[in-house]
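These notes are about the structure you will find just below.
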2 protein chains.
Amino acid sequence: MDIIWDPQIIETQSMAIIEPYLQGYSFNAPEKAVVKRVVHTTGDPSIIEHIFFHPAACKIGIEALRKATAVFTDVNMLLTGINPTKLAAYGATVSCGIAEPEVVKAASKWQITRAAAAMRLWGSRLNDAIVAIGNAPTALFELLALIDKGVARPALIIGTPVGFVGAAESKEMMIKENLVPYMTIRGTRGGSTIAAAMVNALLYYEGDTEDE
Amino acid sequence: MDIIWDPQIIETQSMAIIEPYLQGYSFNAPEKAVVKRVVHTTGDPSIIEHIFFHPAACKIGIEALRKATAVFTDVNMLLTGINPTKLAAYGATVSCGIAEPEVVKAASKWQITRAAAAMRLWGSRLNDAIVAIGNAPTALFELLALIDKGVARPALIIGTPVGFVGAAESKEMMIKENLVPYMTIRGTRGGSTIAAAMVNALLYYEGDTEDE
């Protein structure tokens, strides 16, 4: 067997294999970049039909990163998956509150998940930020409530919470309320690797952000 | 909508929803625990048919953790996803070499991925360890070569590299060579959340490790 060892060749070949799976979809250029990276990270082209974008999501996300926005994540796995070199090159930052002592304490007091408690404690710090939620539906429900109440208004939600208890519902609520731009995976699927792939695709995108 | 905020209730309900999807499969008790956690982390019951276990994998993995084995991972996302409290309770440790300066240097010199270079540099340190590979097929190819050469002999491989260039091939080679116990996702799917779920399922398992 011819094993390919060079990471650049692997990346290039992988993206070339993924490209044909996008045929028949009407994604614009930055959306295509996001979709390809999500397929790359899952190894599963069938995920494409579940990916759903607010029309302004990619443009706003890329521009926010280029203006050194703050990125907030629900879990540390997602934070770890975001390319730190690319993030630093834009002067952007990333934070996760889940292990902070005040978050742990508040979650216990309020009987909610630590990921949701972190959102509530961040509050207006989420203004103009990218909020990436890869795991906890409760974090997305809490974020939507904060937006609803006028407490916070992020630039973009990358919302791909996963699972069978609230995940699909939280994502449909985000789409229906349509309060700020978002990108998501509809249904029960999602996860922090997918959310990280979405953030990284926006970080790696080098072209114009206008639709093509 | 009735939103469930309590993390314990979410976990319990989620596992109850997943349980029926396992009907018709002949997994033993610890395998069931692993499969349920993989479905939980992907939100996708269709993953079940791709999960494949060496018959001794769960027993050996659980017993190794209970004996405070070292866990080695290919990427930091996977390391971050492993429950540190449970790991520490057993006295087990987890390491990832991908960001170590000597690994970065060796990868560049050898023109291989950093994940594969880390495996080669660890060498005999992988003896009796659990090696979890969630991302890089090259790390699994390298590990299999080390085992083949008699350089390293891990207790268990949790091998779920992902993607379209080498992932399926590396996993089929692991199954065919059958040199040490393994658990895997066959085909192109995989990822660090899945590998972390597998490690965590072994950490969380409290029962006897004999087949039921």
Side-chain angles (χ1 to χ4, degrees), chain A residues 1 3-18 39-47 75-81 107 110-116 134-138 141-142 145 161-170 173 185 187-194 196, chain B residues 1 3-18 39-47 75-81 107 110-116 134-138 141-142 145 161-170 173 185 187-194 196:
Chain A
M1 189 191 307
I3 299 171
I4 303 169
W5 293 94
D6 186 295
Q8 285 313 314
I9 298 172
I10 293 167
E11 168 94 7
T12 305
Q13 285 209 2
S14 179
M15 289 303 174
I17 292 165
I18 292 166
V39 174
H40 180 76
T41 206
T42 56
D44 182 12
S46 83
I47 195 96
V75 291
N76 275 312
M77 257 193 116
L78 169 47
L79 179 144
T80 308
W110 295 331
Q111 295 235 308
I112 62 177
T113 61
R114 291 182 290 148
N135 195 276
T138 50
F141 280 127
E142 180 63 28
V162 63
F164 301 91
V165 181
E169 294 82 352
S170 68
M173 184 186 279
I185 308 290
T188 57
R189 295 181 66 179
S192 48
T193 45
I194 293 174
Chain B
M1 188 192 309
I3 299 170
I4 303 170
W5 293 94
D6 186 295
Q8 284 313 314
I9 298 172
I10 293 168
E11 168 94 5
T12 306
Q13 285 209 2
S14 179
M15 289 303 174
I17 292 166
I18 292 166
V39 174
H40 180 75
T41 206
T42 56
D44 182 12
S46 83
I47 196 97
V75 291
N76 275 312
M77 257 192 115
L78 169 47
L79 179 145
T80 308
W110 296 330
Q111 294 236 308
I112 62 178
T113 62
R114 290 183 290 148
N135 194 276
T138 50
F141 280 127
E142 180 63 29
V162 63
F164 302 91
V165 181
E169 293 83 352
S170 68
M173 184 185 280
I185 309 290
T188 57
R189 295 181 65 178
S192 49
T193 46
I194 293 174

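Letters A, B, ... mirror the listed sequences (proteins, then strands); counts begin at 1.
Residues forming a side-chain contact (heavy atoms from CB on, under 4.5 Å) with A:S46 (at least two apart in sequence, or on another chain): A:D44, A:R189. When the side-chain contact (heavy atoms from CB on, under 4.5 Å) test is applied to A:T188, the partners found at least two apart in sequence or on another chain are A:F164.
Between A:Q13 and B:V165, the shortest heavy-atom distance links the atoms CB-CG2, 3.8 Å. Pairing each heavy atom of A:T80 with each of B:M77, the nearest pair is CG2-N, 3.7 Å.
Using a 4.5 Å cut-off between heavy atoms, A:V39 contacts chain B through both its backbone and its side chain. Contact of B:T42 with chain A is made through the backbone alone, with heavy-atom distances under 4.5 Å. For A:I18, the part lying under 4.5 angstrom from a heavy atom of chain B is the side chain only. Interface residue B:A116: only side-chain heavy atoms are found under 4.5 Å from chain A. Only the side chain of A:A196 comes within less than 4.5 Å of a heavy atom of chain B; its backbone N, CA, C and O stay farther away. Proximity to chain B (any heavy atom under 4.5 Å) is restricted, for A:I17, to the side chain, taken from C-beta onward. At a 4.5 Å heavy-atom cutoff, the contact between B:T113 and chain A is made by backbone and side-chain atoms alike. With a threshold of 4.5 angstrom between heavy atoms, A:E169 approaches chain B through its backbone and through its side chain. At a 4.5 Å heavy-atom cutoff, the contact between A:T138 and chain B is made by backbone and side-chain atoms alike. B:E142 touches chain A through backbone and side chain together, each having a heavy atom under 4.5 Å away. Neither the backbone nor the side chain of A:Q8 comes within less than 4.5 Å of any heavy atom in chain B.
Side-chain contact check for B:W5 versus A:W110: every heavy-atom pair is 4.5 Å or farther apart.
Of all the listed residues (A:Q111, A:H40, A:E11), the one sharing the greatest number of non-hydrogen pairs under 4.5 Å with chain B is A:Q111. Ranked by heavy-atom pairs shorter than 4.5 Å toward chain A, the options B:I112, B:I194, B:D6, B:N135 are led by B:I112.
To the nearest 0.5 Å, atom OG1 of residue A:T193 and atom CG of residue B:L78 are 11.0 Å apart.
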